[in-house]
Amino acid sequence: MPKRLIWDAVGEKFYEMGTKMGVLYPMNDQGSYDNGVAWNGLTAVTESPSGAEETKLYADDIKYASLRSAEEYGFTIEAYTYPEEWEPCDGSAHVAAGVTIGQQKRKAFGFSWVTTKGNDVTDEVGQKIHVAWNSTASPSEKSYATINDSPDAITFSWECSASPVNVTGHRPSSHMEIDCSKLKEKTVKAIQDKLWGSEAADATLPTPDELIQLITTSEAAE
């Protein structure tokens, strides 16, 4: 039986907020990811996809077809501080105790972070876990100012671009978003244990296929 659409029903006014629980997964020289490390002081992650631009084709004096360029994924990390493991990803190298130099080769990395999903009933329906693979960071500006009567901590910012990786049955992708509110509790825990570590295992970054397999297997199990 057809039903009339309803707008703004109770419990269906969803929104997202916050950025927390950042994890860095540096890529080693063998092309695999090292164990994840917690990123403290994370203040913002801004997604900035690009590409997918339209190329119009005309024939017979009308628009004949539309082609889209490849889409690219990028994001910006903002934070008050960063883990020591980030330095090689930012083009720095240790040359002596407490001494680093810049303009070095920049390591690739993976990154994950969490946003909070809320609605008009509760401000935390669940979490969304975001994962980015095969990323690199561009050089960033650092602004140092004198301490005055309104002191503020320096905020670091890095623009990052990501190269897509293979996803079985789909086009390659650089980014995955997991809405934990739509998954079983045990599935969410399995994802968290994989990405954040547990008493039994270190934090690791699986491939998109491995992460999809973990989710589908956990959801299917009784």
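This one's a predicted model, so the numbers in the text were calculated from it and none came from an experiment.
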Kindly compute the distance separating [atom1] ([X]) from [atom2] ([Y]), expressed to the nearest 0.5 Å.
X      : Y      : atom1 : atom2 : result
Ile129 : Leu183 : CD1   : CG    : 8.5 Å
Met27  : Asp34  : CE    : CG    : 10.0 Å
Ile191 : Ile215 : CD1   : CD1   : 4.0 Å
Glu84  : Thr100 : CD    : OG1   : 10.0 Å
Asn28  : Lys107 : CG    : NZ    : 7.0 Å
Ser48  : Glu72  : OG    : CD    : 10.5 Å

Is a donor on one side and an acceptor on the other found under 3.5 Å between the side chain of [X] and the backbone of [Y]?
X      : Y      : result
Asp60  : Ile62  : no
Glu210 : Thr207 : yes
Asn119 : Gly11  : yes
Arg106 : Asp90  : yes

For this session: Applying side chain to side chain donor-acceptor pair (under 3.5 Å), run through Ser138 and Glu159 and close with a yes or a no.
Result: CA-CA 6 Å; Ser138 299; Glu159 290 186 7; 5.3 Å; no
Write down the atom of [X], the atom of [Y], and the distance for their closest heavy-atom approach.
X      : Y      : value
Cys89  : Ala137 : O-CB, 4.0 Å
His175 : Trp133 : C-CZ3, 4.2 Å
Thr168 : Asp209 : OG1-OD2, 2.6 Å
Gln127 : Trp196 : OE1-CH2, 4.0 Å
Pro83  : Leu24  : CG-CD2, 4.0 Å
Gly18  : Thr115 : O-CG2, 3.3 Å

Would you mind reporting whether [Y] and [X] have side-chain heavy atoms less than 4.5 Å apart?
X      : Y      : answer
Lys186 : Ser218 : yes
Val99  : His94  : no
Leu211 : Leu205 : no
Thr204 : Asn35  : yes
Trp7   : Glu12  : no

Say whether [X] and [Y], considering side chains only, have a donor N or O and an acceptor N or O under 3.5 Å apart.
X      : Y      : value
Thr46  : Thr76  : no
Glu78  : Thr43  : no
Asp179 : Ser181 : yes

Seminar exercise, completed: Taken in chain and number order and not counting sequence neighbours, the residues that satisfy ring pair (Phe, Tyr, Trp, His ring centres under 6.0 Å) with Phe109 are Trp86
For this session: For the pair Glu124 and Lys117, find out whether any cationic side-chain nitrogen is under 4.0 Å from an anionic carboxylate oxygen.
Result: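 So Glu124 does not pair with Lys117 through a salt bridge.
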Problem set entry | Pairing of Glu54 and Lys63 as salt bridge, 4.0 angstrom limit | yes
Can you confirm whether [X] is buried at [atom1], in the sense that more than 12 heavy atoms of other residues, nucleotides or ligands lie under 6.0 Å from that atom?
X      : atom1 : result
Leu57  : CG    : yes
Lys128 : NZ    : yes
Arg171 : CZ    : no
Glu185 : CD    : no
Ile6   : CD1   : no

Problem set entry | Residue that, paired with Tyr25, satisfies side chain to side chain donor-acceptor pair (under 3.5 Å) out of Ser112, Ser32, Ser135 | Ser112
Exercise. Are Val45 and Val131 co-members of a hydrophobic cluster defined by side-chain heavy atoms under 4.5 Å apart?
Worked result: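 In one cluster with Val131: Val45, no.
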For this session: State plainly whether one hydrophobic cluster holds both Tyr33 and Leu195, where clusters connect Ile, Leu, Val, Met, Phe, Trp and Tyr through side-chain heavy atoms under 4.5 angstrom apart.
Result: yes
Exercise. Transitive ILVMFWY cluster of Phe14 at side-chain heavy atoms under 4.5 Å: who else is in it?
Worked result: Val125
For this session: Would you mind listing the cluster partners of Val10? Hydrophobic ones only (ILVMFWY), side-chain contacts under 4.5 Å, chaining allowed.
Result: Val121
Exercise. Is the distance between the ring centroids of Trp39 and Phe111 under 6.0 Å?
Worked result: yes
Problem set entry | Tyr82-Trp158 aromatic ring centre distance below 6.0 Å |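 Aromatic pair counts; centres sit under 6.0 Å.
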For this session: Would you please test Met176 and His130 for side-chain contact (heavy atoms from CB on, under 4.5 Å) and show each step?
Result: CA-CA 6 Å; Met176 180 182 292; His130 304 256; over 6 Å; no
Problem set entry | Leu42 vs Met21, side-chain contact (heavy atoms from CB on, under 4.5 Å): CA-CA, chis, key distance, verdict | CA-CA 8 Å; Leu42 187 67; Met21 304 179 78; over 6 Å; no
For this session: Kindly determine whether Val165 and Ser173 satisfy side-chain contact (heavy atoms from CB on, under 4.5 Å), including the steps that lead there.
Result: CA-CA 5 Å; Val165 295; Ser173 178; over 6 Å; no
For this session: Test Ile77 against Ser157 for side-chain contact (heavy atoms from CB on, under 4.5 Å), laying out the working first.
Result: CA-CA 6 Å; Ile77 300 173; Ser157 176; over 6 Å; no
